[in-house]
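Notes for the one structure printed next.
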Amino acid sequence: MNVQAALFYFFAAILVFAALRVVTSRNPVHSALWLVLAFFTAAAHWLMLRAEFLAIALVLVYVGAVMVLFLFVVMMLDVNFDNLRSQFRSYIPVGATVGVLVLVEMALVILGSFLKPVTAPAGAAAARGSNTRALGSVLYTDYVYPFEIAAVVLLVAIIAAIVLTHRKRKGTKYQNPGDQVKVRAKDRLRILNIPSEKREGQA
Amino acid sequence: MNTLNLLPVLPEILVLAAACVILLVDVFLPDGKRHVGYWLTQITLLICAWFTLTTMQEQPVLAFNALVVDDVLSDLLKFFCYLSVSAMLFYSRGYMLARGLFRGETFVLTLFSLLGMMVMISAHNFITVYMGLELQALSLYAMVAMHRTSNAASEAAMKYFVLGALASGMLLYGMSMVYGATGSLDLDAIARGVLTGEGNRTLLLFGLVFIVSGLAFKLGVVPYHMWVPDVYHGAPTPVTLLIGTAPKLAAFAITLRMLVVALGGLAFDWQGMLMVLSLLSMILGNLIAIAQSNIKRMLAYSTIANMGFMLLGFVAADPNGFSAAMFYSIAYVLTTVASFGVVLLLSREGFEADNLDDFRGLNQRSPWWAFIMLLVMFSLAGIPPTVGFYAKFTVFQAVIQQGFVWLAVVAVMTSLVGAFYYLRIVKLMYFDEPVDTAPLESRGDTRLVLSMNGLALLLFGVLPQPLMGLCVIALAYSGFL
């Protein structure tokens, strides 16, 4: 068994285990963290296939953005919030394990590729240089039309998100700093001249 | 193919630019001046229609590395999309004003969903089909949810979003299978791959099943119809009108391009699948519509049944069938626009005219609108001399020519069942006493457009040949005949 196959089985085992834990762990935060591990391991697989762009995109987009958002949502929803707080310490072993495993994986991939060049699969060999460059060059030439449409889809997503969440509530007190700065004493204080009442029977 | 020819996508560029301009202009408008955005949208549609019709060319033009095609078929379908979107805006102005939906975002999202439909109609590559579909669907999900105070609308938006995402996923999965089998996403290259038999046939058929399922979701035919009644019912009526009309033309276009152009070599296989879908839709749609007391739900089941009839044209799988299906789609869109137009007309501030009972005695309240609704119902039921009759007649004819007499018999039986619930509305309007006697108020332009729309159903019913001729010519010039 060569190094490549050994690495593959190592990552595959972690990936399968992490994926299993995502669905079996009782705590949504644990699940999310295991999912992070699963994504990292999948990215390692892609790196071994020399699809480095996809691997980086997976880590950046899924681990960096989607999972963070996911964790936000999990924590915003009131899922056993008291339990979460009381068991805060108990996450440290899980988090640390995941973190260490991710580090080890990254180290193994980087060291593995330095130690022995991986034979490229047939498809990847066609791309000269990095496949990030190859993807970029077709994306902005041959496929510029769907690329632009994708940009429009994102614009629609932004507009839709604002339309669905932004509203002016009635009765909400908004502050206008400009008005606050320009305020004068007479806007705040009104001096009224009220004649004193005459006492009964004094007339 | 290194030169960048922007002429074929000029209408798309116009719509995109206009949507961005309206988005910016709207920010600076005071609340009382929202109609500026409205009229800008209408003017955009007018200019696009003019461009689309004047730049029509006999030969299909491929652009952007053959990702986009500009042919007579796409020009014609786009024209009818502009028409139905414009009619939707005309009919729903009063309704949207009364419900706080008359906002710049409504117009912008409408234009973006129109852009998505245009991209779908002009697609010449699976990627383009998918991107157009997503753009159209995403805009519509947001529009369904825009009426936030309504629980029904939120529920409808959620269902539409989840099921729509599932459908997109299935379509994408099918596309990836076809890509795996033929090594290309270009429609012509896939067609060549299928015909030469290079591709793995099992893989192709596997992909085909998913593609047909995805398309069936978008058309809303049984057994992928679950979203239709809830979304039609829950969405604000103008949005229902939008969902029920122009996207059907876009769905027709991608069905034609994906099944006939790209996977024409598998016609025998998809013919059978579509036959089952069409049969189930006609039977289930027409039967369940009888039990509905809400007109939006009834029209939703009517849509399911009508899409079943439209698919009969694809079951025939010959030039006559395709032109009949195209005629059916256009006739259906013209009729549906008018039907929701009347529902919108009867609604007023704080009152939705979406129950069948709201149509009681309409003849006494307004004979003219009762007559227009009569034309709409006759057209949906397929009673001459309306356009719906000729549409049904041509699809039945196409099916019978291919030897599926039994299919035509079943279709006629189901349309007889359908006639019951369409004519029930006519009975309610003409022979019952009105429950609601509030005067019908509407804007002059709404009345004018809705009257023209209603009369068009009659006109195309008496003289169907010009429109039918247009469909045949469009398909012939676009290489389908």
Segment of B/Leu135 engaging chain A (4.5 angstrom heavy-atom cut-off): both

Proximal component of B/Ser139, with respect to chain A [non-hydrogen, under 4.5 Å]: both

Looking only at heavy atoms, what is the nearest atom pair of B/Gly37 and B/Phe107, with distance? C-CD1, 3.7 Å

Centroid-to-centroid, A/Phe53 to A/Trp46, below 6.0 Å? no

So that I can tick it off, tell me whether B/Glu12 and B/Lys78 are bridged by a salt bridge, with the cut-off set at under 4.0 angstrom between side-chain N and carboxylate O. yes

Less than 4.0 angstrom from a charged side-chain N to a carboxylate O is my criterion; do B/Asp31 and B/Arg103 meet it? no

Proximity of residues 158-174 of chain B to chain A, residues having a non-hydrogen atom under 4.5 angstrom: none

Under a 4.5 Å cut-off applied to non-hydrogen side-chain atoms, are [X] and [Y] in contact?
X: A/Lys182; Y: A/Asp187; value: no
X: B/Met131; Y: B/Met120; value: no
X: B/Phe217; Y: B/Trp227; value: yes

Among residues 143-162 of chain A, which residues come closer than 4.5 Å to chain B, judged by heavy atom distances? A/Tyr143, A/Val144, A/Tyr145, A/Pro146, A/Ile149, A/Ala150, A/Val152, A/Val153, A/Leu155, A/Val156, A/Ala157, A/Ile159, A/Ala160

Ranking B/Val119, B/Asn125, B/Val108 by heavy-atom pairs under 4.5 Å to chain A gives rank one to B/Val119

Looking at [X] and [Y], would you say the former's side chain and the latter's main chain have a donor-acceptor pair under 3.5 Å?
X: B/His124; Y: B/Ala66; result: yes
X: B/Arg99; Y: B/His147; result: no
X: A/Ser31; Y: A/Val22; result: yes

For the residue pair B/Asp71 / B/Ser74, report whether a side-chain donor-acceptor contact shorter than 3.5 Å exists. yes

